[in-house]
Amino acid sequence: MSVDPNTPVLRNCIRLPLPEEELLEVTAKAKDYAIMHGAAMRSKTSFSPDSLNFAPFVLVPSSFPRKEFEKAVALQPIINRLMHNVAHDEEFITTTLAETIKVDEFTANLFNIYRKVLAHGYTQRTSLGMLRSDLMLESGCPELSPKALLLRGEAGEDGHATTAAAAAAGTGSGGGGGGGGKTKAVTKEEEEEQAKRNLHLSQATVSGITTATVASKDCKTAAYCCWKQVEINTIASGFGHLGPASKTVQSFVLRELGHADKLPNMPKNNALAGLCDGMVKAWDIYAKPQSVILFIIEDVSYNICDQRFHEFYIRETYPHIKVLRRTLTDVHREGKLGLNKELLLGGKLEVAVIYFRAGYEPGHYHSQDEWDARYLMETSLAIKCPSIQYHLAGTKKVQQALAQPAVLERFINDPEEMKAVGKIFTGLYSLDDNDAGNATYEMALRTPEKFVLKPQREGGGNNVYGVDIPEALKRMSRVERSAWILMDLIHPPLTKGYMVRPGAEMPPTIVDMVSELGIFGVVIGDADHIIHNYQAGHMLRTKLSTANEGGVAAGLGALDSPYLIDSDDDDEDEN
Ligand code: ADP
Ligand code: MG
């Protein structure tokens, strides 16, 4: 992807470049530190189940505007509730996916399971949602016209209240560590209190300007950034461990470089605890002391630390809860339903909670056996993360439908909340076989450089970007196009830093990068009630500014964590 030469550059956390000797020393140390603290993965090129490589990482944390970070954190419980409501709206899911499932076999297979579950009625009404809302800063935010800036500048006094509200709203990292005692339902007062805090925050921050002082080529200017959602993940939302682990590594580097004073600007990150506690809360709801938590895994897990640390956290914090790992193929072989539709493995172990870290792409289903296993689990009494309705709610097609204000109204009653959520969507367009879809098609052919074309897939590497779009679209029939959606490209500001990769030349050189922030959320409930709803930490992935995609497991991105900056920070450390 080409990068506009006028793209703003966010100010660095520390002065770069580092002297070569210091850079070599700290990088070598950081690589070992990363491996030894589980910021690691199995090698794809020389795989061994007995060894780990450090995961690619950015040496020092990348800057991120504090207000936008706080806004994203505060909005997460509202997004959780939105997705929960969407997942439980049969009519909406069915109509939204109607065209897509005619041509997309994978989504159609998922939908068939959904249809069968609906026909027989849910065995387990409670779902465990462990979501990750992914976002990028948009440096050319259209709503930030000079007039709007002026108005927002006046609203800037809200800054203090905003921070306080964010601190209050953002504490929900799952907490509840230790013990494994009974989980407590959120009381009505707590919900209302949290809603008020979130609302106050979203009003303050949505109307608040986010200015991050930047260093452009030779002059200083201000980058007015707002964030836009890239996608929302409802299945296998990874980096619950690698998110916090990135902070651990980068904090070490900053201390080694004599910048311990910078650490308070790296927000706390309890993603691992927040997510694992979510699984344990679901286990509590299932309420059978001998039952286990089952992780559904790929045949080969390269991103092993991001699964094992979850398992080890649960085992260490709640030693009475057993965790098992099985592939879909294993479940087909070993799994059956008991008299009350409980999922039994090997004839005796009862599964309370199923956490899918696989099953989100066609390659995970080698034959009908794996689909049968998915269906078996879906009809069982176990609490699924995600249940089939949550999985479908996370499709790109549903995201595109939600971006229309009239649709959002269906799921969010509060006008302020609706406004706040509406602002996070960038342009998303249907390619269904109708007038609107045809207009999208024509627009994509006219100005492809403005867009990204997405199919109903997860896991990276499936999208088509910019100038490649016309050819891809022209190869499809009108009907085939409805398996895809079109989205405005987001233009994040750049950061400059060192990216450290296994096997790469030493010392690393300074490169231009862009980041994507993921905010985790946990929501547990059924069609009528939400029992738990909280924000659960974050993760930051950073890629070369010229790369289309930045999956770390896919080898293009690097672990990172946010260094929060304010518009009025002094800038002595700029490079
Ligand atoms: P997947 O489900 O495969 O992760 P995503 O929608 O997250 O699909 O897209 C993959 C990657 O492509 C993102 O992580 C991001 O780097 C890039 N990307 C996706 N949408 C956009 C967009 N609208 N603007 C800029 N980059 C995007
Ligand atoms: Mg993604």
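Not measured: the values here are computed from a predicted model. All ligand and atom numbering here is 1-based and tracks the order in the structure.
Between Lys454, Glu361, Glu231, it is Lys454 that holds the heavy atom closest to atom 20 (N) of ligand 1. Remark: among candidates Glu516, Glu549, Arg541, the nearest residue to atom 15 (C) of ligand 1 is Glu516, based on non-hydrogen atoms.
Cation-pi contact between Arg374 and Tyr365: absent, since separation from the ring centre below 6.0 Å together with deviation from the ring axis within 45° is not met.
By the 4.5 Å heavy-atom criterion applied to side chains, Thr94 and Phe92 are not counted as neighbours.
A side-chain N or O of Thr329 and one of Glu370 form a donor-acceptor pair less than 3.5 Å apart.
Ligand 1 lies out of reach of Asp134, whose nearest heavy atom is not under 4.0 Å from it.
Two rings, from His538 and Phe69, have their centers less than 6.0 Å apart.
Of all N/O/S atoms in Glu231, OE2 sits nearest the Mg ion (ligand 2).
Contacts of Arg457 with ligand 1, taken as heavy-atom pairs under 4.0 Å, involve the backbone alone. Residue contacts with ligand 1, taken as heavy atom pairs separated by less than 4.0 Å, do not involve Tyr360 at all. Only the backbone of Asn548 comes within contact range of ligand 1, with a heavy atom under 4.0 Å; no side-chain atom does. When non-hydrogen atoms are compared, ligand 1 lies under 4.0 Å from neither the backbone nor the side chain of Asn233.
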